[in-house]
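Right, one structure below, let's go through it.
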Amino acid sequence: MDGMKKVLTTCPYCGCGCRFYLDVMDREVIGVTPTTYSISKGRLCVKGWNAHEFIHSTDRMKKPLIKKGDEFVESTWKEALDFVADRLKDIKEEYGSDSLAVLSSAKCTNEENFLMMKFARAVLGTNNIDHCARLCHAPTVVGLTKAFGGGAMTNSIDEITRADVILVIGSNTTETYPLVGSEIIKAVENGSKLIVVDPRITPLAKLANIHLRLRLGSDVALLNGMMNIIINEGLEKKEFIEERTECFEELRKTVEIEKYTPEKVEEISGVQADDLNAAARMYAKAERGMIIYCLGITQHVTGTDNVLSLANLALLTGNIGKEGTGVNPLRGQNNVQGACDMGTLPDVYTGYQPVTDEEAREKFERAWKTPLPENVGFTVLEMMDAAADGRIRGMYISGENPMLSNPDINHVRDALEKLDLLVVQDIFLTETAELADVVLPGCSYAEKNGTFTNTERRVQLVRKAIEPIHGKEEWKIVCEVANRFGYEMNYGSPKEIMEEISSLTPIYGGISHERLESGGLQWPCPTKDHPGTKYLYENGFSRPEGKGKFHAIEYISPDEMPDEEYSFLLTTGRVSVHCNTGTMTRRSGTLNREVPKGFAEINPADAKEIGILKDQKVKVSTRRGEIIINVIITDEVPEKTLFIPFHFSEEVTNVLTNPALDPISKIPEFKVCAANIERIDDVGDR
Amino acid sequence: MMWEIDKRDILKWLKNLKRDFEVIAPVDVHEEVLFMPLSNDTEITLDYTNTLESPKEFFLPKTEEMFSFKKKGEDFKITSKIDDKKRVLFGIRPCDVNALTLLDEVFGGKYRDPYYFSRRENTTIVAMTCTKPDINCFCDSMGTGPSLSKDFDLLFTELDETYLVEVGTNKGEEILKLKKDLFKEADETRRDEKKRKIEAAKKRIKRHIDPFEISRKLKYVDDDVWRKLGERCIGCGGCSHICPTCHCFDVRDMSVDESGKRLRYWDSCIFSGFTRMADGVNPRETKESRMKQRYNCKFNYFFERYERFGCVGCGRCTNVCLGNIKMVEFLKELKVVILTENGKDHKKDERYI
Ligand code: SF4
Ligand code: SF4
Ligand code: SF4
């Protein structure tokens, strides 16, 4: 056992931000050791326990690849980076900066995201930079900023057990944020009450005091209904509303109308009036009521409306600004919070400083010694449209896999194939990388130093356990491309990059790698001696006059509802053993063995009706495409509803999904569309 | 004969042992006490409750290369990799020593596992009487702690001023002799002091079960109990990862162009993939069936094979459970439902067991 080491680091999978040690023996990562340190308290989910498995996968790319004809040819780093820089320069000269776009990654560290952001803005000269948060939590950022002045989880994971009522809506928490799920279970055991709002019978729904099984996409109606009840019964917190909020009257006028009485809401949502009454009272009467939500809220054309409605509910009952309360989005990937914080978004620099704000722009121009673009850039889906019609000519995609994660994949393929230059940087040859002109091998989390920011705004260190498998640290790649543009990007280490981040970003102002050595820090952390912030808005909201704002929201139905031709509702989601497009988990032996293939869940009544048996193959189709997939028959999904996880490249769920966008946040409606299901075999032939 | 060593001299002794052995000892890394090989600058820690992870991995690594293979023309060259490094494992607690002797049963017998036994035989066990049980420990009920009377090479017990050292085998005697001047003979009064320490530790153990009763009950438990437990389990696999007696592994080849290595690594009966067969049929398809397997394995199947229970009461699976399942509480609340003789009504009746 020569050279056995245990290196404390942060999980690369979900936003819970568990920590563990990577066990290293003879330069190979052989296992994971848990820690009682930090929020994990000795626990990990199945992904965490097996987070070492993909690191040494034989699929890891060892050398840059350049496409010659139809084939990839291995090249040296120098050749590949020269090629990338030259082609990017050509396109910039010929078509202008805004014909280039960058997709950064929620898997990468804050330091790497910061550099990608700086590269796009200072070197390429465009605000066309985005990442996959668009596809999960853009409505959160927009909605919570409108209501409270900030787009992050308001409270902390360890406060869950201190809430006396927990409202979980649109989140299958034990599968997708297992550690948060575990805390909710603990809270329930200690006597907290639990309300679950979900069309599916999730594991938490089984534990809940009240389970509201609403129709897909009827969230706004249901939430307005709860507020209708609360106001009617005088359960709103009048003093809080008076002192700390604005626009209450508009909200009252909207939710008080006939349409949102419990009986009417029952018609829209399918939730019985009695149950809705009980839930509204339970939440409103809580001393500390906490809302936890996830993609079931955001991935709708009404995503922003849904988030605003949750904010309304919290403001109405004063359940915000104190411990054990708040509106808490669970943010998907390990570092999706950090990627947003780092400004890999088309409209803001780090710490949500708008690119359109002159003062902010001047600050960055001074620091980076170059003029910066003023116009807001394209979001990821707009980039695809722009690529399809030739407005975007070159794209640099780091660690993202839009060929699986975006809606309407066929359109994405067309768009990416049209590009003059596609550069993909990733640890595996992903579906997206297959289409690239140049592929640059990235580093796994085990090969880098830096930080991730978890869903509760906690910045934590990622420590290098082994040297990069292909010999180059990932943050250096973009620096070397920048230097070829004649723009100096020279840092000694990720630690120095963090120094630049904190100097430009007030909410990260007091954060440094030195301080993080002894544990994570939750932003806002403005100064070197600031202890970090457990929960937000204790003394006022981050809006004018410190007031929270109500928004009157009307219910609108999902973009595509079932009809005669497509009579089922299709919804998508995740399973606990896999992470997003599966690039890492599908290559982890234990995890992939657990759920090796995609499936569609269908209610037994429908299965009988159509005549399908367990594990039989079916064809699921929508107006956009079709897939062949095995069925699982379970009453955990309601009738006339299909649930399909989106991790599998063999059954690409996103050829089915509807790209209709939320007009405000531009998130596509992954969670609902109309679909049809047909048997394709004889029943006997499985 | 009994010996005594001054607390401050333990590190000296271990550092000296490092010349001839790899010394594994509890080390405080980032506030976590882990069993680690001592290096020149590590300090051992003696002040800890049961470690979150047992030292199982020093006998059965999380991932282990069994052999590598290389294709050369028509020939295959296979090189096996047996770890025969000389080690001293210092500070292992009674529960974990008992777990090791259980693993001896599993890996021994007719098909002796050379990888395991090479490590086992080359490791000298310096055990530590447990004076600081954790809140979830129940070793007392399982007969596996907090004291230890056999299966060690040396046994240390923390007394007020010094550590008492008892010799179990020649192997133990050998490493003690390497720096004999650090040890002095202990007189008989120390034996009473040790007893008092053990009694005090026992009092600190808050959880108790009767494993024989549990074993009988588990055979008759109503399906509903397993269903409820299955609903609570999130399937993380942590309970078997962390359990000092869980030993299931899987084997996988990692190869490129017909050259590569064969690895074995920890596996768990909690996973559905553990028993799923090639055509998809799975005898333990549901979480409830897997829960039933886990508990029966610990309290019945082990016993049937080795006349010992497969749980040593270390409480670790409770510490790490993502579903917040508390093993002892669950076992104590087990209610057995048996169809009465007339077959008509279900009735809670424990006369039968
Ligand atoms: S995936 Fe999430 S819950 Fe699981 S170990 Fe990693 S951070 Fe924790
Ligand atoms: S089953 Fe639990 S308590 Fe028993 S030995 Fe294993 S980890 Fe310890
Ligand atoms: S530790 Fe708990 S949640 Fe995890 S597999 Fe074991 S019983 Fe299930």
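A note on names: the letters A, B, ... follow the listed sequences, proteins ahead of strands, and every chain is numbered from 1.
Contact record, Arg276(B) with Arg593(A): NH1-O, 2.9 Å, taken as the closest heavy-atom pair.
For Lys186(A), the parts lying near chain B are the backbone and the side chain together; criterion is any non-hydrogen pair under 4.5 Å. Of the atoms belonging to Val32(A), it is backbone heavy atoms, and not side-chain ones, that fall under 4.5 Å from chain B. If you measure heavy-atom distances from Leu34(B) to chain A, the contacts under 4.5 Å come from the side chain alone. Only the side chain of Glu28(A) has a heavy atom closer than 4.5 Å to any heavy atom of chain B.
Under the 4.5 Å side-chain criterion, counting only non-hydrogen atoms from C-beta, Lys6(A) is in contact with Glu53(B). Residues Glu32(B) and Thr33(A) form no side-chain contact, since every pair of their non-hydrogen atoms from C-beta on lies 4.5 Å or further apart.
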For this session: Apply side-chain contact (heavy atoms from CB on, under 4.5 Å) to Met25(A) and Glu57(B), showing your working.
Result: CA-CA 12 Å; Met25(A) 185 99 73; Glu57(B) 64 177 318; over 6 Å; no
Exercise. Can Trp49(A) and Leu322(B) be said to form a side-chain contact (heavy atoms from CB on, under 4.5 Å), step by step?
Worked result: CA-CA 12 Å; Trp49(A) 286 112; Leu322(B) 204 56; over 6 Å; no
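With a 6.0 Å radius and a threshold of 12 heavy atoms from other residues, nucleotides or ligands, Lys15(B) has its NZ atom above the threshold. Heavy atoms from other residues, nucleotides or ligands lying under 6.0 Å from NZ of Lys292(B) number 12 at most.
Tyr265(B) places no side-chain N or O within donor-acceptor distance of the main-chain N or O of Thr590(A), the cut-off being under 3.5 Å.
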